[in-house]
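The next block holds one structure in the form of structure tokens; read it before the comments.
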Amino acid sequence: MVKFTEFFINTTKEHPSDSDIPSYSFLLRAGYIKKIASGIYTYLPIGLIVLKKIENIVREEMNKTGAVELLMPAIQPSDLWIESERWFQYGPELFRFKDRNNREFCLGPTHEELITSIIRQYIKSYKDMPINLYQIQVKFRDEIRPRYGILRAREFIMKDAYSFTSNEEDLDKIYLKMFDCYSNVLKKLSLNFFAVEADTGLIGGNYSHEFIVIAKNGEDKIVYCPNCNYAANYQMAEYKPGIITITDQKSIKNIEEIFTPGITTIKSLTKFLKIKPYKIIKTMILKKEDDLFAVLIPGDKDLNLAKVEKFLGFKLELINQIDNFEVCNAFNINIGFLGPVGLNKKIKILADNSLSNQINLVTGANKKDYHYINVNIYRDFAVDHWGDFSFPVEGDLCSKCNNLLKFEKGIEIGHIFKLGTRYSEKMNALFLDKTGNLKPILMGCYGIGISRIMSAVIEQLYDENGIIWPLSIAPFLVNIIAINVEDPKIESSANEIYLKIKKLNISTIYDNRNVRAGVKFKDSDLIGIPIKLIVGKNYIENNLVELELRKNKTKIQLKLEEAINFIKDYPTKNDF
RNA sequence: CGGGAUGUAGCGCAGCUUGGCUAGCGCGCAGCGUUCGGGUCGCUGAGGUCGUGGGUUCAAAUCCCUCCAUCCCGACCA
């Protein structure tokens, strides 16, 4: 509830040269944020208003679940990180520094260590649990490449919760509560989102969901099934190979070696032989110490290393000719002309499921400048393991219901994770169970990016003129625009209306600047205020004000009292 | 870390190739007038370590080197 001239809002017409996505550009232009250094931003007054509103939505929803708020320091001593063994694992992403006594600290990118160190002093019994503690805090990550403004910043605000339970059932309950909580938050923000199964990496056994807000400029890719609601992170999405036309060749032909000088890529091979990429078997050699594995993938797909690692249960490394010269020589590996036929027998062959129906394929001949055509599985080579080792492509099917899978890009704004006893064991956070046994506490962690939400919302809700805030987080609900403040009648009327609305406790800004009406309209749209209340001649002459809605440009002329009633009711009658 | 690019007024940019008067333009800002329902129009004006440091030269925004910062693509991370 402010007057424009007494507040601090600075807008610009020009697109800032730094920004390349709409949310960042509008946040800068409308005066929500100001860049201080790469990935580091000031939240200007209206930016802070929006940030606090997002915070409060999250806080409300968290409190509803019974979670309890606290605030931990951003500065954390290295001891705790050494205890959890992450001090050495974390790498340069962790902002580290020393105090005057040469003790090491870091700026917290997350707070598992800190919270564990706190609760282990208080939680001694199963009776002390379950408990879910959260904070809304500044986090620090020295990102390799900060980008997209506050979408991937080095200093950002996050809500992170940590649950402590004595048994799996309680952990499941809290996990589900958090799942619902995040869904509710995103609904309140009018966002389109998917909760997808996320990659848990090699740690295994854990359970994790990412909340992805759909956005063209998102850095994450998801796969979903419109039929059965299956949704997963692209990295770990399961799928059934789509039915590719195998009718182009019905009968199995004889294998043939052909001369393919300098043809080392799928692309050049498709051109050279005039075939589709899926007819080619892409062979990649992975290495674990001295063991080698060949993974066969159809030429139209990409190797999913994480899936292979999960399948085999250990980390692997993709080899190349230069770094692995000796190995390549020893095993007669010709990268560019690799294939399963005649491959060194010590190399285990893993084949992607999507190859299983294929006949008369093309592979490298393990000889420089030669390929085989009409290669057939079983007849020409044996497969040690079949499995899903690739990323799905357009045309692949849902593994649950056989419907066509769809692909979307999005922004990860929330992540919930069952941590298990990873931290409690390392950091000695133990409790006595009913039977008097000492056990590590079961933990879960649940993060949602507050500042990131601000950007993500805009990525979904904007037009050529600027931001279209949902009502729940708009900095103001109403912008009172006096068409001409030099006209004393208009000015005093607008001011009266402002005071009236202010008294009703409706969030409003009165644009009392002595500038042309067009400037105020443009700024209002850029800033994204849901309702304009326009006071002009029509009010002086006919007692009519005009309301204009940001989201659909609807304009209506109303008597003042009607207009005020309309505004009062607007949030209850509109989701957004 | 690899590749690419940029740095000139608060913001957006030109000038640099081919060194040479007092470094320009648009927006914004200040003043005056004009206009007043979708970024009016006119006049006047303020505002610059040309990213930093060094070098070449009679002379450097311009050429060379160093460093710094910023952005994009990739890799990394998950």
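Please read these numbers as outputs of a predicted model, since none were measured by experiment. The basis for the numbers below is simple: all heavy atoms, side chains too, and nothing from hydrogens, waters or symmetry mates. In what follows, chains are A, B, ... by sequence order, proteins preceding strands, each numbered from 1.
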Rounded to whole Å, please give me the gap between [atom1] in [X] and [atom2] in [N].
| X | N | atom1 | atom2 | result |
| --- | --- | --- | --- | --- |
| A:Ile144 | B:rA78 | CD1 | P | 10 Å |
| A:Asn514 | B:rU40 | CG | P | 13 Å |
| A:Arg86 | B:rA78 | CZ | P | 11 Å |
| A:Lys520 | B:rU40 | NZ | C1' | 15 Å |
| A:Leu526 | B:rC11 | CG | C1' | 14 Å |
| A:Tyr90 | B:rC76 | OH | C1' | 14 Å |
| A:Ile9 | B:rG39 | CD1 | P | 20 Å |
| A:His15 | B:rG28 | NE2 | C1' | 17 Å |

Does [X] place a side-chain N or O at less than 4.0 Å from the phosphate oxygens OP1/OP2 of [N]?
| X | N | value |
| --- | --- | --- |
| A:Ser17 | B:rU70 | no |
| A:Ser38 | B:rC71 | yes |
| A:Arg516 | B:rU40 | yes |
| A:Arg145 | B:rC71 | no |
| A:Lys532 | B:rG37 | no |

Mind checking if [X] touches a base, just sugar-phosphate, or nothing, with heavy atoms under 4.0 Å?
| X | value |
| --- | --- |
| A:Glu546 | base |
| A:Ile534 | base |
| A:Asp18 | sugar-phosphate |
| A:Asp487 | nothing |
| A:Asp525 | base |
| A:Glu486 | base |

When the P atoms of B:rC36 and B:rA23 are considered, how many whole Å apart are they?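 Looking at atom P only, B:rC36 and B:rA23 are 41 Å apart.
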How far, in whole Å, is B:rG48 from B:rA75 if one measures between their P atoms?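 That atom pair is separated by 45 Å.
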Return yes if the base of B:rG10 and the side-chain atoms of A:Asn10 contain a donor-acceptor N/O pair under 3.5 Å, otherwise no.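 Looking at the base of B:rG10, it does not pair with any donor or acceptor on the side chain of A:Asn10 (distance under 3.5 Å).
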Between [Y] and [X], is there a salt bridge with N-O shorter than 4.0 Å?
| X | Y | result |
| --- | --- | --- |
| A:Lys301 | A:Asp396 | yes |
| A:Lys553 | A:Glu464 | yes |
| A:Arg513 | A:Asp523 | yes |
| A:Asp302 | A:Lys282 | yes |

Taking the six-membered ring for Trp, are A:Phe194 and A:Tyr224 ring centroids under 6.0 Å apart?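 Yes, close enough.
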Validate the cation-pi geometry between A:Lys418 and A:Tyr175: distance from NZ or CZ to the six-membered ring centre under 6.0 Å, angle to the ring axis within 45°.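 Judged by the rule, A:Lys418 and A:Tyr175 form a cation-pi pair.
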